[in-house]
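In what follows, chains are A, B, ... by sequence order, proteins preceding strands, each numbered from 1. Small disclaimer: the values here were computed from a predicted structure and weren't measured.
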Amino acid sequence: VLDRLFDGPRVIEVGDYAAMFCGKLLGNLGCDVVRIETPATDGLTVEPPLVAWDGRELSAAWLAYNTSKRSISLDVEQPLGSATLDALLDDAAVFIASGRPDWLERHGLLPDVARARRPGQIACAITPFGLDGPYRDYRASDLVVQAAGSFVYLNGDHDRPPVRVSEEQTWPIAGAQAAFAVSAALYGAGDAGESIEVSLHETVLATLVSVVPWWQLEQRIPERHARTRYGRDVRMRQIWPCRDGFVAFRMSFGLGTSSRRNLRLIHWMDEEGMAEDLLSVPWEYTSTLELTQPQVDGWQAAIERFLMTKTKDELYAGALARTILLFPVLELRDILDDRQLAARGFFQPFADGSGHELRFPGPLFQPGHEAVPVPTRPPLPGEHTHEILGALARGAAR
Amino acid sequence: MSRPGLLAALTVADFGWAVAGPVLGRFLAHHGATVIKIESNSHLDAGRASTPFAGRPSRNRSGFFDQHNAGKQSVTINLQRPEGRALARRLALACDVVNENFAPGVMDRLGLGYKELSAERPELVMVSQSMQGQTGPHAGHPGFGTTLQGLVGLCHLTGWPDREPVGTGEPYTDTVAPILAGTALMAALAYRRRTGRGTHVDLSQFEALAHVLAPALLHVQVSDEPHVRRGNAGWSRAPEGVYPCSGRDRWCAISVNTDEQWRSLAALIGFSADLPPDRQDLAWRRANLEAIERSISAWTSTRDPLAAQAALQAAGVPGYIVANAHDLVVDHQLRARGHFVPREHPAMGEHEYELPPFRLKEHAVVVARSPLIGEHTDAVLTGLLGMSEAEIVAAREAGALE
């Protein structure tokens with residue numbers, strides 16, 4: 001039996017996808033995670049898109065974010081459920097609760113309430129806008145929070161409204177930030193425990209690379225630049241059409257290895273008689289600040305003519321062989337067949353009760369030696385209710 | 001917050017450059033770790049050359065660098081020279097954690113690979129964040145965060161269905177991977193405390209995003225429905241979108257999660273239809289989305305975005321301005337929560353730094369400025385490595401500290 005990284009500290013988790021993702025990461029790293037299904041979040045088990053699993057239709061997100069944990073059903077809004085939660089928390093090192101602040105408050109799920117009884121505990125609340133401030137009780141959605149954190153403003157075409165990422169991001173990212181804070185407390189808090197709160201809104205800001213400094217230092221507002229990037233005023237393609245889809249590639253300029261790698265693409269084009277006049281472009285001695293749009297457009301047109309003769313697989317194979325900074329633009333289905341992920345054993349098949357298999361994302365990372373963090377299959381909602389409450393009753397009887 | 005940070009006893013040799021590595025180092029510094037950035041004047045961290053700048057461009061005035069290296073110390077070591085590599089090795093071995101995000105193989109070539117370092121110090125924890133991990137046929141393939149998003153599926157998921165994919169404006173993988181890497185690192189440190197053994201955390205940025213996109217990756221295994229960009233439309237909500245407000249490029253995001261929220265929104269914007277409001281369920285709203293969105297746009301387009309946001313939220317409808325850089329720094333919620341903290345930077349002057357997205361009650365969360373290049377070279381070589389003044393002079397003369 002391989003060691004686990006965390007040596008099985010008990011984590012109790014209740015709430016939405018943020019708590020789920022947090023628990024998934026901690027479970028993957030060796031915590032003993034128990035998820036509580038409660039009527040207020042029951043809707044999440046059947047939120048579309050749905051996946052057939054064990055003779056029923058379950059939310060894909062619920063399954064994906066609940067690997068490496070057990071699940072019990074408990075109505076934390078009722079006195080009996082609330083008392084049972086209290087008893088469970090007495091044995092827990094960590095309590096994670098996510099949802100709207102008023103819901104957490106009404107049902108005694110805030111960190112300070114849990115910690116008043118158990119001062120050494122690590123308790124964490126994850127909420128859309130934080131536990132204080134004028135917008136504390138604002139209503140949220142993934143789109144609304146992505147927008148509030150400025151992520152949306154930076155994506156999209158100039159002649160259309162800005163756009164989100166079409167898969168929910170803010171809940172898992174906030175769950176990851178919570179997992180980082182919780183795991184730091186598991187490592188460093190000792191007897192003091194910790195009271196943690198995470199705001200989805202602020203986790204979006206933490207994904208921005210240099211948006212706030214643009215305003216602070218130059219009073220400039222970075223704008224969305226569909227498919228293009230770089231240069232203050234010159235727009236350059238970053239996503240390019242090819243014969244059967246798209247590839248991602250960025251021309252690089254200046255002294256550095258990146259601009260030398262442009263040349264490898266140009267040489268490839270030259271091998272096939274398609275380099276046109278690009279062999280004479282002094283990539284290394286050109287600053288992005290000197291470029292003009294017609295110049296860039298001309299080069300891009302030549303590159304585009306070459307890319308259109310090849311599929312994204314052919315282009316990726318060529319880029320790998322020549323070390324060209326190009327990636328295919330994959331659809332999600334393609335990712336399941338990716339050779340690199342397969343070689344690292346990333347996807348892990350789990351079967352439901354009828355033997356039907358789905359491939360789940362596997363280890364969080366590949367360790368250099370022992371302590372392989374391998375996830376376990378997701379439970380069914382409430383699958384471990386009897387097991388865990390039974391153990392609790394036996395403990396109380398003793 | 002009477003106690004020092006959760007990682008106050010931890011020392012980190014931070015070889016991170018550009019974004020993903022530095023972001024992780026900064027997170028550790030927020031928890032009070034001593035994070036020693038190893039960089040060089042002769043091979044500058046791309047971040048120090050990146051816009052925007054406070055005034056004239058200078059390696060000590062990049063706002064890009066400042067943001068991702070806040071709270072660290074800086075030691076300049078020239079890794080191109082054997083004397084520099086020897087010093088870097090001593091520094092790495094004197095720390096608890098080595099943090100790096102080079103392409104796989106670079107640390108090995110510098111004599112700083114995990115195998116070599118752990119042979120001398122088995123309890124060392126190293127965390128590596130490369131594009132696709134340290135092993136596998138594509139491990140060595142370099143790239144940028146902005147183009148990696150093509151591989152991880154984000155490009156196809158961002159944009160309009162009738163247009164080319166656009167992807168995210170920010171190199172998203174660069175800032176998401178470090179959160180997962182930091183979590184794994186904490187677990188590796190707990191493991192070391194228990195067993196005395198170190199770990200190499202080989203985190204792939206590709207795999208980190210696959211964990212986040214796991215719901216869609218499950219769904220495409222069982223469904224023929226395309227999982228691609230849908231503009232701003234959600235799976236199970238309608239209406240949901242970004243609508244124009246008064247002013248240039250001003251927008252408000254609105255989502256209707258429930259029938260009740262729809263009735264509130266319909267009343268607010270004066271939407272009327274033949275069907276009574278209590279029968280306008282999700283299916284009906286989807287079928288009538290064009291008329292609904294026209295009505296919403298007519299209402300928002302005459303309003304200031306913040307006024308629209310306030311009216312929507314007062315009615316219990318999820319809505320928020322589509323914030324730009326300026327909106328963030330004046331955001332009432334972020335201000336009230338003390339998200340921005342002023343600090344004096346010797347080359348950049350006073351400006352505000354951001355808190356991490358978590359608040360702690362028992363331990364300090366440290367917010368400090370970024371270092372000048374090489375600012376702490378002598379102090380670290382003396383304090384951590386116990387080098388004498390003469391040894392430092394000799395190292396400098398050998399070009400090891402450029």
Among residues at least two apart in sequence or on other chains, which ones pass salt bridge (charged side-chain N to carboxylate O under 4.0 Å, His left out) with B/E352? B/R335
At a 4.5 Å cut-off on heavy atoms, which part of B/E207 comes close to chain A: side chain, backbone, both, or neither? both
Is it the case that atom CZ in A/R339 sees more than 12 heavy atoms from other parts of the structure closer than 6.0 Å? no
Is there a donor-acceptor pair closer than 3.5 Å between any side-chain N or O of A/Q177 and the backbone N or O of B/F358? no
Can you tell me which portion of B/D249 sits under 4.5 Å from chain A's heavy atoms? Options are side chain, backbone, both or neither. both
Whatever's closer than 4.5 Å to a heavy atom in chain A on B/A233 counts as backbone
Aromatic contact, B/H141 with A/F327 (centres under 6.0 Å): yes
Portion of B/V176 that has a non-hydrogen atom of chain A nearer than 4.5 angstrom: side chain
So, the part of B/N232 with a heavy atom under 4.5 Å from chain A: the answer is both
Answer yes if the side chains of A/N155 and A/R224 hold a donor-acceptor pair under 3.5 Å, and no otherwise. no
Given heavy-atom pairs under 4.5 angstrom as the criterion, report whether the side chain, backbone, both or neither of A/F21 touches chain B. side chain
Quick one: what part of A/D112 sits under 4.5 Å from any heavy atom of chain B, side chain, backbone, both or neither? side chain
Please look at B/L154 and chain A and tell me whether the side chain, the backbone, both or neither of the residue comes under 4.5 angstrom of a heavy atom of that chain. side chain
Contact part of B/Y243 toward chain A, heavy-atom cut-off under 4.5 Å: side chain, backbone, both or neither? neither
Contacting region of B/I321 [heavy-atom separation from chain A under 4.5 Å]: backbone
Checking heavy atoms, do the side chain of B/V222, its backbone, both or neither come under 4.5 Å from chain A? side chain
Under 3.5 Å: donor-acceptor pair, side chain of B/R359, backbone of B/P356: yes
Count the heavy-atom pairs under 4.5 Å between each of B/M131, B/H219, B/H68, B/H211 and chain A, then report the option with the highest count. B/H211
Under 4.5 Å from any heavy atom of chain B, what part of A/L326 do you find: side chain, backbone, both or neither? backbone
For B/S128, is it the side chain, the backbone, both or neither that has a heavy atom under 4.5 Å from a heavy atom of chain A? neither
Can you tell me which of A/A343, A/P172, A/P328, A/G245 forms the most heavy-atom pairs within a distance under 4.5 Å of chain B? A/P328
Between B/L203, B/L217, B/L312, the one whose heavy-atom pairs under 4.5 Å with chain A are most numerous: B/L217
What's the verdict on salt bridge (Lys or Arg N to Asp or Glu O under 4.0 Å) for A/E197 and A/R136, showing C-alpha distance, side-chain angles and the deciding distance? CA-CA 12 Å; A/E197 72 130 323; A/R136 182 191 98 133; over 6 Å; no
Of the listed B/R194, B/Q309, B/H332, the one with the largest count of heavy-atom pairs under 4.5 Å with chain A is B/R194
Judged by atom type as modelled, is there a donor-acceptor pair below 3.5 Å linking the side chain of A/Q219 to the main-chain atoms of A/Q216? yes
Using non-hydrogen atoms only, which part of B/H31 is less than 4.5 Å away from chain A: side chain, backbone, both, or neither? side chain
Is there a donor-acceptor pair closer than 3.5 Å between any side-chain N or O of B/Q333 and the backbone N or O of A/Y135? yes
Cut-off 4.5 Å, heavy atoms of chain B, and the answer for A/S59 is neither
Can you check whether B/L157's main-chain N or O pairs, donor with acceptor, with A/S166's side chain at less than 3.5 Å? yes
What part of B/M348 is in contact with chain A, defined as an atom under 4.5 angstrom from a non-hydrogen atom: side chain, backbone, both or neither? side chain
Sort B/V23 into side chain, backbone, both or neither according to what part of it lies under 4.5 angstrom from a heavy atom of chain A. neither
Please state whether the side chain, the backbone, both or neither of B/V152 comes within less than 4.5 Å of a heavy atom of chain A. backbone
